[in-house]
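Taking it in order: structure first as structure tokens, then the write-up.
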Amino acid sequence: MKKFLLPVIIICTILSASAQKDSKKPLDHSVYDGWQSVTGERITNDGKWILYVVKPQASDADLVITNATNSSKFHISRADTARFTYDSKYAISLIRPFYKDTREAKIKKKKPADFPKDTLGIVTLGTNAVEKVPAVRSFKIAEKAPVLAYLIPADSSRKPGADTTKKVNTPAPAAELTLRQLV
């Protein structure tokens with residue numbers, strides 16, 4: 001019996017080791033690009049909504065807004081830097097340009113003014129309606145009021161006024177601040 005059992009154990013061990021060896025895939029740079037991370041987790045003050053951003057290593061992010069009661073999900077492609085308003089009625093986020101467009105601008109060494117611009121996304125929770133404001137640099141939400149402030153790059157095509165009596169040239173503002181009440 002011992003003579004029969006020993007070869008069976010050896011064969012099973014060899015087969016098991018070879019099966020484990022074949023199931024592992026080697027890690028290389030093509031595998032890294034597929035890895036994803038979850039960032040920016042937020043919960044509304046009333047606890048009814050959850051948001052998070054799924055970011056691949058080398059691709060466009062995806063914002064997921066989830067209803068905590070029935071697990072319905074709403075996705076916004078390329079959205080990042082998301083926040084809820086204090087009254088739990090809106091989710092505000094920056095919608096980034098396509099990853100390939102931004103990468104192409106970096107490769108071509110374009111000036112920062114020529115890079116693709118972000119878009120502000122304002123989501124009304126419950127209806128999943130998204131309002132978009134183009135060319136936004138950044139945004140802030142008031143802590144305890146439904147007020148949104150965002151910066152839009154100043155239009156460089158604006159000409160100074162036709163008043164020729166002034167000799168002093170005032171520089172154009174770099175950005176315009178916009179305040180908006182969310183109701």
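In what follows, residues are counted from 1 in the order of the sequence shown.
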Which donor-acceptor pairs under 3.5 Å do side chains of residues 104-115 form with protein atoms, sequence neighbours excluded?
| unit_1 | atom_1 | unit_2 | atom_2 | d |
| --- | --- | --- | --- | --- |
| Glu104 | OE2 | Lys108 | NZ | 3.3 |

Checklist entry - Does the pair Phe84 and Asn45 meet the rule for a side-chain contact (heavy atoms from CB on, under 4.5 Å), with working shown? => result CA-CA 8 Å; Phe84 287 117; Asn45 289 333; over 6 Å; no

Item to check | Asp87: partners by side-chain hydrogen bond (donor to acceptor under 3.5 Å, both in side chains), with sequence neighbours left out | outcome: Thr85

Next on the checklist: Under the salt bridge (charged side-chain N to carboxylate O under 4.0 Å, His left out) definition, can you give me all pairs with a residue in residues 131-151, not counting sequence neighbours?
Outcome noted: Glu131-Arg180

Next on the checklist: Applying side-chain hydrogen bond (donor to acceptor under 3.5 Å, both in side chains), can you list everything that pairs with Asp62, at least two apart in sequence or on another chain?
Outcome noted: His75

Next on the checklist: Going by side-chain hydrogen bond (donor to acceptor under 3.5 Å, both in side chains), name the residues that satisfy it together with Ser37, two or more places apart in sequence or in a different chain.
Outcome noted: none

Item to check | Residues which pass side-chain hydrogen bond (donor to acceptor under 3.5 Å, both in side chains) with Arg96, listed by chain and number, not counting sequence neighbours | outcome: Thr81, Asp118

Checklist outcome for this item: The reported gap from CD1 in Ile95 to OG in Ser77 (rounded to nearest 0.5 angstrom) is 9.0 Å

Item to check | Steps toward side-chain contact (heavy atoms from CB on, under 4.5 Å) verdict (Ile65, Tyr52) | outcome: CA-CA 7 Å; Ile65 301 174; Tyr52 57 91; over 6 Å; no

Next on the checklist: Tell me whether the count of non-hydrogen atoms from other residues, nucleotides or ligands lying under 6.0 Å of CZ in Phe74 goes above 12.
Outcome noted: yes

Item to check | ILVMFWY cluster membership beyond Ile152 - transitive side-chain contacts under 4.5 angstrom | outcome: Tyr90, Ile92, Leu94, Leu120, Ile122, Val133, Val136, Phe139, Ile141, Leu148, Tyr150, Leu182

Checklist entry - Are Val38 and Val53 linked, directly or through other ILVMFWY residues, by side chains that come within less than 4.5 angstrom of each other? => result no

Next on the checklist: Could you go through Arg78 and Thr119, starting from their C-alpha distance and side-chain angles, then the distance that decides it, and tell me whether this counts as side-chain contact (heavy atoms from CB on, under 4.5 Å)?
Outcome noted: CA-CA 10 Å; Arg78 303 183 336 265; Thr119 300; 5.8 Å; no

Item to check | Atom NZ of Lys48 with >12 non-hydrogen neighbours under 6.0 angstrom | outcome: no

Item to check | By side-chain contact (heavy atoms from CB on, under 4.5 Å) - contacts of Ala82 (at least two apart) | outcome: Leu51, Leu63, Ser93

Checklist entry - Do the non-hydrogen side-chain atoms of Arg83 and Arg42 ever get within less than 4.5 Å of each other? => result yes

Next on the checklist: The criterion is side-chain contact (heavy atoms from CB on, under 4.5 Å); which residues satisfy it with Asp101, sequence neighbours excluded?
Outcome noted: Phe98, Pro116

Item to check | Partners meeting side-chain contact (heavy atoms from CB on, under 4.5 Å) with Thr127 (sequence neighbours left out) | outcome: Thr124, Ala129

Checklist entry - Taking the hydrophobic residues Ile, Leu, Val, Met, Phe, Trp and Tyr, and joining any pair whose side-chain heavy atoms are under 4.5 Å apart, which ones share a cluster with Leu177? => result Leu151

Checklist entry - What residues, two or more places apart in sequence or in another chain, satisfy side-chain contact (heavy atoms from CB on, under 4.5 Å) together with Thr69? => result Asn67

